[in-house]
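Report on the following structure.
Numbers restart at 1 for each chain; the letters A, B, ... are given by sequence-line order, proteins then strands.
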Amino acid sequence: MERQEEVRANILNIIRDRSESGRLISAEEILTELKRRGLLTSEEIKPKTHLETALKQALQENRDVKEILAPNGVCYYYSVRRLSETYAGILVLKSENPLWLIAEVVRENSKRYPRPVPVAGFMESPFDLTLEAILECLRVMGEDKEYQDIAQTITSVGKTFLYSSRHLDPDYASMLAEWLDVGQADNP
Amino acid sequence: MTGGLIIAFSASGAKAAKEGPVIIMDQAEGLVIADPTKCVGCRRCELACTEFNDGKASPTIARIKISRNLNFGVNGIPTGQRGGGAWGNGLVIQDICNQCPHPVPCANACPNDAIVVRPPTNARVVDSKRCSGCKMCRRACPWEMMSFDSGTNKATKCFLCDGSPKCVEACPSGALTYAAWRDLTGKIPPRVAPTAIVAPEKAQTCNECHKK
Amino acid sequence: MAKHGGWAGKVLRVDLSTGKISTEDTLEKYRDYLGGTGIGYKVIWDEVQAGVKSFDPANKIVYGVGPLAGTGAPCNGRTAITTLWPTCWPKALVASGHMGGQFAAELKYAGYDAIIIEGRADRPVWLSVWDEKVEIKDARQLWGQGIRRTTIEINQQMGPEASVAAIGQAGENLAPMSVVMNSYSHSAGGVGGVMGSKNLKAIGVRGTGSVRIAGNKEEWEKLIKLHLSLLGANNQHVVPSNPQPWAEHYNAGSRWMASAGRRWGAANPSIDTGACEPHNLNRIAYRTNNAAYFLGDKAWQHTVRGNGCTACPIRCHTMLKVPAVSAKYGIPELGQNTCVGLLFGRAFFKSFPDGPKGQTAIEACMVGMYLADDLGVWDNYGQLQRDFQALYYNGIFKRKVAEKEFNSYSWNKYEQGDPTFLFELLPRIANKEGELATALGLGTGHLLERWGIPEQEWLENHDLLYWKLGHPKHHSNEDAGQCGVIINTQYNRDAQCHSHSNFTRNGLPIEVQKRLAAELWGSPDAVDAVAAFTPMNAHKAKMAKWSLLRKELHDCLSLCNWMGPWVASPLKEREYRGDDSIESLLYSLATGDKKSRQELDTIAERIFLLHRALTIRDMGAKDMRTKHDTIPDWVFTDPKDKAAFSKGTIRMDKEDIKLAMDMFYEEMAWDKETGSPTKATYRRLGLGTVADELAKRGLLP
Ligand code: SF4
Ligand code: SF4
Ligand code: SF4
């Protein structure tokens, strides 16, 4: 019993520590870390099931701990005290295909705030894509049915922004891009 | 501690008067250290020091000193780009109290033995009950870290906020750190040449202890 | 020591004509007006007759600060300078300029809440205020010198801690487009020439006293920490500019620029601004980098550190080190300023060889700051540069200026975006050399009049952003639709109000903004998403009133309206709420005079109303709606001719704006038809005698 408590406490630690460093952690990685700490070692009958139960409980009891399912089917864990849901969303998308990442981020921004997103932003942390990779993505998107809503607009100083036509119409998007890129700084 | 005669004293320090002058021997435990490259010259440390400790905003009595170096650096008013501060190379040097090791210049200069050691930090602090406001301590500190509060007519100096420095907590750029004490007195160039004299009674104590 | 905390307790009055120096009891005389612009309007109302012109000896200048100046309340560094505004066209009306820096705090430590300057000295003088020792000193040696030289020489006399507010050649020569400047880069526009007209070169202030906090010091400490926890980056942008682990939201337009990998590159060694998680109060100073925000990513490598006002952790002035400029232009490699100050030099040019955010643009900024902040030239919130571009590219300069003079400028350099052009232009504006430069130094309204250009052309031009009375818009419909429009009708210079724009630009998603708006102004419909405006409603009028009153309150308490109010925060656990009462909490604890949020807003309303009364009196008109609260035509147009209220336009609708003004006047309890406050409203706010005076002149509705 005590051992279970200890395992749960360690799981929480591991998740929160990982979030602190701005990353997600999978069940597999948690297990490895627990083992490194001398927990759930071989004498446990089924460490995996044990871990699953413990994780479930940790999720139930601690509102800051969240689970996120990546498109590849792997579940990742994190603490919203240190890592936001938005960021976690970006991280799982990032682990997948960059097309999907760009499209989803663009759609989310177009819908929620609403605002277009500068292409150059994808070169920065946490996206860290190269310009070539981004341009290649945009080229492929142009040809793929699934991404037909992802559109571009260029500001008066030549910066390209992306938006989703599902949520913004072209004039609105170009106005907002201009506002973000030029308007706000020219009207300080 | 060495020698029976010499007493490192706590703030209450009543018996020192009877047994001879207060000579501080204990090392301080802590020290505020400052990184000028991170200082953004906001003076929040000065204000935290005086508002949260004295209930008034008063850079003049702040026990960390920014204002005097803010514009032109430690050396006053330069012309051109050679100086420090916002008008020079941009660096703001934060002046802090070294919590000097023995012999403690400010304490030794005090004719009233009003600068004493206070646990838990062993900071050198002014016992305001004893301070007569004569300002001898100000003449003694080579780094000009003694302040004088004309409102209370007492000297005041950094007392490390008894271990949780307000200035460190207040700094918006993390330029200040509360660290274990180390001797900075030989490292930080003095701002002035001290002009205080040590009272004969104290001088005698020094001589007695340091007799060959 | 005053009975109350906060205030220093005395107002200093200096008559430069007679040399008489006296003091008044702040609370006895100005208690109902708090400080800052409140004292300013009161003095002008009581003591400066209608019809006085800006540069007349009978005009006065009031340098006012409030009970929070000099304390540890965040963002309290601004001095409000009230006078009859020289660039206000066709007639000077009351307005105020605001400078940050160390002046406000130093004035309080010296023992004063305000300085009133009156009369005119018979020769150049400067004023030395050293605690209770106040002297008028000979400034003949300083006359003709730039602001930097002047400051240094006064500091030599008063010591390095003194704060010096000085004018440059522009002010001396009575160019209306001139500033007073303290602490290297903190200026107040429009005031330089008024000081020059009084032969007042500078005010040096050195204070060794203190500001007492009346309340319990532990409570004060707690309150300060609460306030700090609610701060965002500059302009109260509460989300970072790119995704960060701790942040739920981000916005490419945010001034919260800190991020892992973005470094103060010219610090030695360089410093990573890193994650600035909002709960970490020891990293607030890294959030903002206005050089990087305005000049682009290249500015990071030149950033030495942030700088700014006393007690402000935001540091909106960025210190830049650009070694190349010393060899290239013979100017110091260090420069610093914020927003329009940073952009001063760059904004004259249409383009640069290496693009708008390249190295040349940065160099133009360095040259601009070096010159303008020494000569003391003002740019009227960028109107100077917008006018310049229009006047040049539309061939107006060529038509209005003699050929020889026109050809004496290197226009080829100008067109190529060569920053050395600024060495030709800016000194001439300051020294009023030639027709072109002299006209530019007058400000837009007077320039148009002098050159016989109908103001209408400016009112119609969407790109010039000109509003009225010689001044541009400042956070108008582009930021907050009708609310912004209303705000821009109210002042006699650019509105300088940020209460509304700090909210609409805070970076939070529109549904969060709407949730907060419902709590603050009664309905989510008070705010719209940018460029997706909806028709007017009463809640927008409420927001406009609130915005104006908070601006005025900040200008009186000495809180920075470029940061406040703090009604949104970066804190997720507060659901991004700020605290609408932070001003009254600070005021009550600092002064010991307990006032609720509503009570303080009422005082702010009184002060704002006095500003209105002064405007009415000095215009000699009560029909403010048509004569003063005007709206330029461009507001009702769209470059793509999109209809008002369609998505993607900031175009407003004429009928709707009429309704907006109706609703605003109603909210203020002013007469709807004229836009003039009613007698009952003056009475309710304790301005009965003001109403009587206006009644005598037939200026009540
Ligand atoms: S006040 Fe000066 S002499 Fe005294 S301990 Fe501090 S640094 Fe040393
Ligand atoms: S440690 Fe305390 S007493 Fe010393 S300078 Fe800092 S705030 Fe002031
Ligand atoms: S609080 Fe920090 S940044 Fe501000 S003046 Fe003090 S040391 Fe410098």
If one checks every heavy atom of A:L176 against chain C at 4.5 Å, the contacting part turns out to be side chain
The interface call for C:A531 against chain A, heavy-atom contacts under 4.5 Å, is both
**OP:** Give the ring-plane orientation class for C:W378 versus C:H471, where under 30° counts as parallel, over 60° as perpendicular and anything between as tilted.
**Re:** tilted
Cut-off 4.5 Å, heavy atoms of chain A, and the answer for C:K647 is both
If one checks every heavy atom of C:N251 against chain A at 4.5 Å, the contacting part turns out to be both
- Do C:H237 and C:W256 have ring centroids that are under 6.0 Å from one another? no
If one checks every heavy atom of C:P356 against chain A at 4.5 Å, the contacting part turns out to be side chain
If you tally heavy-atom pairs under 4.5 Å between each of A:L180, A:L83, A:V80, A:D171 and chain C, the highest tally belongs to A:D171
Sorted by chain and number, sequence neighbours left out, side-chain contact (heavy atoms from CB on, under 4.5 Å) with A:Q148 holds for none
Separation between CZ (A:R16) and CG (A:L12), nearest 0.5 Å, reads 4.5 Å
Turns out that what part of C:A532 lies under 4.5 Å from chain A's heavy atoms comes down to both
Pair C:Y576 and C:H249, ring centroids less than 6.0 Å apart:
yes
In terms of heavy-atom pairs under 4.5 Å with chain A, the winner among C:R262, C:R386, C:E573 is C:R262
Whatever's closer than 4.5 Å to a heavy atom in chain A on C:Q513 counts as neither
If you tally heavy-atom pairs under 4.5 Å between each of A:A173, A:G22, A:P126 and chain C, the highest tally belongs to A:P126
Report the C-alpha separation of C:D641 and C:R651 in whole Å, then their side-chain angles, then the decisive distance to 0.1 Å, and conclude whether the salt bridge (Lys or Arg N to Asp or Glu O under 4.0 Å) test is met.
CA-CA 9 Å; C:D641 208 29; C:R651 180 184 195 164; 3.2 Å; yes
ask   = Is atom NZ of A:K111 surrounded by more than 12 heavy atoms (other residues, nucleotides or ligands) closer than 6.0 Å?
value = no
Could you walk me through whether A:E136 and A:R139 satisfy the side chain to side chain contact (heavy atoms under 4.5 Å, CB included) test, starting with their C-alpha distance in whole Å, then the side-chain angles of each, then the deciding distance to 0.1 Å, before giving a yes or no? CA-CA 5 Å; A:E136 176 58 15; A:R139 195 190 58 75; 2.8 Å; yes
Heaviest contributor of heavy-atom pairs below 4.5 Å to chain C, chosen from A:R81, A:E20, A:R115, is A:R115
Check your understanding: Can you tell me if C:S185 and C:N337 form a side-chain donor-acceptor pair at under 3.5 Å?
Key -> no
Most heavy-atom pairs under 4.5 Å with chain A, out of C:D479, C:N290, C:T649, C:N235, belong to C:D479
| said: Suppose we call two aromatic rings close when their centres sit under 6.0 Å apart. Are C:F388 and C:F348 close by that rule? | reply: yes
Under 4.5 Å to a heavy atom of chain C? For A:R112 that would be both
Turns out that what part of A:S21 lies under 4.5 Å from chain C's heavy atoms comes down to neither
Max heavy-atom pairs within cutoff under 4.5 Å with chain A, candidates C:E277, C:K473, C:H474, goes to C:K473
- Task: Specify whether A:Y147 and A:W100 have parallel, tilted or perpendicular ring planes, treating 30° as the upper limit for parallel and 60° as the lower limit for perpendicular.
- Result: perpendicular
Honestly, the part of A:N109 sitting under 4.5 Å from a heavy atom of chain C is side chain
Applying a strict 4.5 Å limit to non-hydrogen atoms, the region of C:Y250 in contact with chain A is both
Among C:K642, C:K640, C:H475, C:E248, the residue with the most heavy-atom pairs under 4.5 Å to chain A is C:E248
Of C:L343, C:N234, C:L508, C:T338, the largest count of non-hydrogen pairs under 4.5 angstrom with chain A goes to C:L508
Q. For residues A:Q57 and A:E61, is any side-chain donor paired with an opposing acceptor at under 3.5 Å?
A. yes
Bottom line for A:F127: the part with an atom under 4.5 Å from chain C's heavy atoms is side chain
Would you say the side-chain atoms of A:S26 and A:E29 include a donor-acceptor pair closer than 3.5 Å?
yes
The interface call for A:Q184 against chain C, heavy-atom contacts under 4.5 Å, is both
Looking only at C:P243, C:G355, C:S241, C:C339, most heavy-atom pairs under 4.5 Å shared with chain A are made by C:P243
